[in-house]
Amino acid sequence: MPFTTLGLHADLVRAVNDLGFTTPTPIQKDAIPAAVAKRDVLASSATGSGKTAAFLLPVLHHLIAGTAGKTRALVLTPTRELAEQIYQDLNSLSRHTQIKGAVVYGGVGMGPQRRAFERRAAIIVATPGRLLDHLQYSYADLSGVEMLVLDEADRMLDMGFLPDIRRILSFLPKQRQTLFFSATMAAEVAGLTRELLKNPAKISIERTTKPAAGVEQSFYPVPQQLKAPLLLNLIQSGDIRNALVFTRTKRRADKLAEFLKRNNLSVTRIHGDRTQAQRLQALDGFKNGRYKILVATDVAARGIHVEALSHVINYDLPETTEDYVHRVGRTARAQATGNAFSFIAPEDEGNVRAIERAISTTVKRLTVEGFDYKAPILSSGPRQYSGHRPSGGQRSGGGHRPSGGGQRPGGGQRPGAPKRFQSRPWARDGSHREKSVGVSDFRG
């Protein structure tokens with residue numbers, strides 16, 4: 001089924017063809033005709049399934065024929081990065097039209113955003129908090145909105161945006177079309193859909209607890225204190241073209257990025273403590289190939305979309321199986337293929353079992369040939385790691401071999417080592433306490 005069969009305006013089909021897409025993804029095939037027919041849409045679809053085009057194309061289709069001079073569509077999304085990504089996709093898809101949009105999020109000045117409201121940009125893509133900042137003033141007029149899109153609605157609710165969303169709704173006309181996209185349908189999400197949607201077309205493309213078919217998943221059992229050297233080994237092996245590396249905390253992201261930088265890798269980082277300018281610079285540098293490695297935390301990584309991303313690496317496992325699926329979905333997007341590596345320490349086994357139950361798959365365990373899983377960590381810093389450094393001599397076939405327990409045959413702990421690795425104590429705010437003592441920072 002080509003895009004020409006979905007009822008879209010010819011200028012939009014032309015833009016899609018310019019981008020090299022000829023066949024819609026399943027979510028696009030089902031959602032676009034329903035939205036073009038002016039029905040509300042309730043869609044559940046996994047990351048990487050093409051949902052951004054599934055809502056932008058029908059929005060643009062309706063705006064081509066209509067009155068200019070007012071804001072007619074609003075897209076709400078949870079993070080700055082995702083808002084920026086949607087805005088970029090909007091510009092690509094509207095290239096053969098006269099439709100102009102704007103993006104509104106925090107961390108940058110309000111002046112240019114105010115001017116976008118004043119010139120009545122046809123489409124506003126916004127995060128809830130910054131949008132409410134503008135709605136205090138009369139120039140931010142949403143009374144002409146005909147279409148509302150909530151993207152990653154479940155994540156917005158997880159982040160506590162429900163009160164903000166309700167306040168924003170009070171500024172919108174009651175008569176409008178609403179497109180609601182969510183990876184999961186928890187009770188709170190379902191309750192919001194009942195409030196917002198009228199006789200929606202319900203679309204559920206695939207189980208959202210399973211990664212895309214093109215993702216090759218692997219678990220690497222490794223002690224906490226050897227995660228950084230193992231990551232360095234894998235990157236220096238030459239098989240990783242580019243990688244998005246997830247850490248549990250902002251501080252761990254900073255320390256891991258510094259460790260990789262000291263070892264002469266092109267690396268940048270992105271998390272909530274960085275300014276918006278720094279985040280955009282890091283993301284742009286990763287997309288254009290200036291940086292090979294991007295270290296990120298979960299929230300900051302929302303909206304990261306990199307064409308042909310070869311690897312996602314879970315340096316730390318996420319808290320939930322849904323976040324695991326979302327992370328690994330950053331690769332193998334739009335029916336491509338990719339690799340997802342996860343480092344699992346002994347204390348992660350409970351989380352590992354939960355992930356495998358949720359995705360109905362036993363993920364293969366791999367070890368790296370020649371890597372010393374019993375190596376001591378010297379206290380004077382990462383550069384004095386005493387284990388194996390890759391010399392290009394890994395076995396043909398990638399140098400990774402399956403292993404039931406993640407240790408080499410005959411392995412085990414070095415004499416005098418404790419029999420069990422212990423997880424780090426939790427701080428009162430729920431974050432992990434970390435020590436600033438050289439490479440021991442990576443003990444987890």
**Message:** Tell me whether Thr249 contacts the main-chain N or O of Arg252 through its side chain, where contact means a donor paired with an acceptor under 3.5 Å.
**Reply:** yes
**Asked** Under 3.5 Å, is there a donor-acceptor pair between the side chain of Glu152 and the main chain of Pro78?
**Response** no
**Request:** Flag yes if more than 12 heavy atoms outside Glu195 fall under 6.0 Å of its CD atom; otherwise flag no.
**Result:** yes
**Phe117 side, atom CZ; Leu135 side, atom CG - distance, nearest 0.5 Å** = 6.0 Å
**Asked** Do Gln177 and Arg39 meet the criterion of a side-chain donor-acceptor pair at a distance under 3.5 Å?
**Response** no
**Request:** Report yes if the side chains of Leu244 and Ile313 come closer than 4.5 Å at any heavy-atom pair, otherwise no.
**Result:** no
**Fill in**
In terms of heavy-atom contacts, Pro33 and Gln28 come closest through CD-O, 3.8 Å
**Message:** Between Asp316 (side chain only) and Arg248 (backbone N and O only), is there a donor and an acceptor less than 3.5 Å apart?
**Reply:** yes
**Request:** Give a yes or no on whether the backbone of Pro318 and the side-chain of Asp323 come within a donor-acceptor separation of less than 3.5 Å.
**Result:** no
**Prompt:** Going from CG on Leu366 to CD on Gln217, what distance comes out if it is rounded to the nearest 0.5 angstrom?
**Reply:** 12.0 Å
**Asked** Is the number of heavy atoms from other residues, nucleotides or ligands under 6.0 Å of Tyr139 OH greater than 12?
**Response** yes
**Request:** Check for a donor-acceptor pair, side chain of Asn263 on one end and backbone N or O of Phe259 on the other, with a separation under 3.5 Å.
**Result:** yes
**Asked** Is the shortest heavy-atom distance from the side chain of Gln98 to the side chain of Leu63 under 4.5 Å?
**Response** no
**Request:** Please test Glu84 against Arg80 for salt bridge (charged side-chain N to carboxylate O under 4.0 Å, His left out), starting from the C-alpha separation and ending with a verdict.
**Result:** CA-CA 6 Å; Glu84 186 66 37; Arg80 308 169 193 175; over 6 Å; no
**Prompt:** Is there side-chain contact between Leu12 and His61, with at least one heavy-atom pair below 4.5 Å?
**Reply:** yes
**Item:** Heavy-atom donor-acceptor pair, Thr52 side chain to Ile86 backbone, under 3.5 Å
**Value:** no
**Message:** Within a 6.0 Å radius of atom CZ on Arg290, are there more than 12 heavy atoms belonging to other residues, nucleotides or ligands?
**Reply:** no
**Prompt:** Roughly how far, to the nearest 0.5 Å, is the CZ atom of Arg327 from the CG atom of Leu317?
**Reply:** 7.5 Å
**Interatomic distance, Arg251 atom CZ to Thr297 atom OG1 [nearest 0.5 angstrom]** = 15.0 Å
**Request:** Taking atom NZ of Lys202 as the centre, report whether more than 12 heavy atoms of other residues, nucleotides or ligands fall under 6.0 Å from it.
**Result:** no
**Validation row: Thr321, Ile359 side chains within 4.5 angstrom (heavy atoms)** = no
**Message:** Whether the side chain of Lys261 engages the backbone of Val267 through a donor-acceptor N/O pair (distance < 3.5 Å, no angle test) should be reported.
**Reply:** no
**Any donor-acceptor N or O pair under 3.5 Å, side chains Tyr324, Glu319** = no
**Fill in**
Correct closest heavy-atom pair for Leu8 and Pro58 would be CD2-N, 4.3 Å
For residues 141-148, run the donor-acceptor check on the side chains, cut-off 3.5 Å, and write out each pair with its distance to 0.1 Å, sequence neighbours left out.
| unit_1 | atom_1 | unit_2 | atom_2 | d |
| --- | --- | --- | --- | --- |
| Asp141 | OD1 | Ser143 | N | 2.9 |
| Asp141 | OD1 | Ser143 | OG | 2.7 |
| Asp141 | OD2 | Ser143 | OG | 3.3 |
| Glu146 | OE1 | Arg72 | NH2 | 3.2 |
| Glu146 | OE2 | Arg72 | NE | 2.9 |

**Request:** Test side-chain contact (heavy atoms from CB on, under 4.5 Å) on Gln113 and Val108 and set out the steps.
**Result:** CA-CA 9 Å; Gln113 297 173 2; Val108 295; 3.4 Å; yes
**Pair Phe181 + Phe55: ring centers closer than 6.0 Å** = yes
**Request:** Evaluate the side-chain proximity of Met159 to Thr79: yes if any heavy-atom separation is below 4.5 Å, no if none is.
**Result:** yes
**Message:** How long is the straight-line distance from NE2 of His96 back to CD1 of Ile64, given to the nearest 0.5 Å?
**Reply:** 11.0 Å
**Request:** With sequence neighbours excluded, give me every salt bridge (Lys or Arg N to Asp or Glu O under 4.0 Å) pair touching residues 97-114.
**Result:** Arg114-Glu118
**Asked** Ion pair present between Arg279 and Asp284, side-chain N to carboxylate O less than 4.0 angstrom?
**Response** no
**Residue pair Val75, Ile124: steps toward the side-chain contact (heavy atoms from CB on, under 4.5 Å) verdict** = CA-CA 6 Å; Val75 179; Ile124 297 288; over 6 Å; no
**Gln136, CD: over 12 other non-hydrogen atoms inside 6.0 angstrom** = yes
**Message:** Using ring centroids (six-membered ring only for Trp), state whether Phe286 and Tyr291 fall under 6.0 Å.
**Reply:** no
**Message:** Donor-acceptor check, side chain of Asp30 to backbone of Ile203, threshold 3.5 angstrom: yes or no?
**Reply:** no
**Message:** Contact between Val149 and Leu74 at the side-chain level, heavy atoms closer than 4.5 Å - yes or no?
**Reply:** no
**Request:** Scan Ile32, Leu179, Asp89 and name whichever one has a side-chain contact (heavy atoms from CB on, under 4.5 Å) with Leu56.
**Result:** Asp89
**Asked** With a 3.5 Å cut-off and no angle check, do the side chains of Asn242 and Ser310 form a donor-acceptor pair?
**Response** yes
**Leu234 side chain near Phe343 side chain, heavy-atom distance below 4.5 Å** = yes
**Asked** Given side chains that start at C-beta, do those of Ile270 and Glu81 come closer than 4.5 Å, heavy atoms only?
**Response** yes
**Request:** Could you check Leu260 against Leu231 for side-chain contact (heavy atoms from CB on, under 4.5 Å), going step by step and ending with a plain yes or no?
**Result:** CA-CA 9 Å; Leu260 297 176; Leu231 177 60; 4.1 Å; yes
**Message:** Below 30° counts as parallel, above 60° as perpendicular, anything between as tilted: where do the rings of His311 and Phe341 land?
**Reply:** perpendicular
**Prompt:** Which value, rounded to the nearest 0.5 Å, describes the distance between Leu82 atom CG and Met156 atom CE?
**Reply:** 9.0 Å
**Request:** Using modelled atom types only, decide if a donor and an acceptor are shared between the side chain of Gln278 and the backbone of Thr275 within a distance under 3.5 Å.
**Result:** yes
**Complete:** Applied to residues 263-277, the salt bridge (Lys or Arg N to Asp or Glu O under 4.0 Å) test, sequence neighbours excluded, yields Lys250-Asp273, Asp254-Arg269
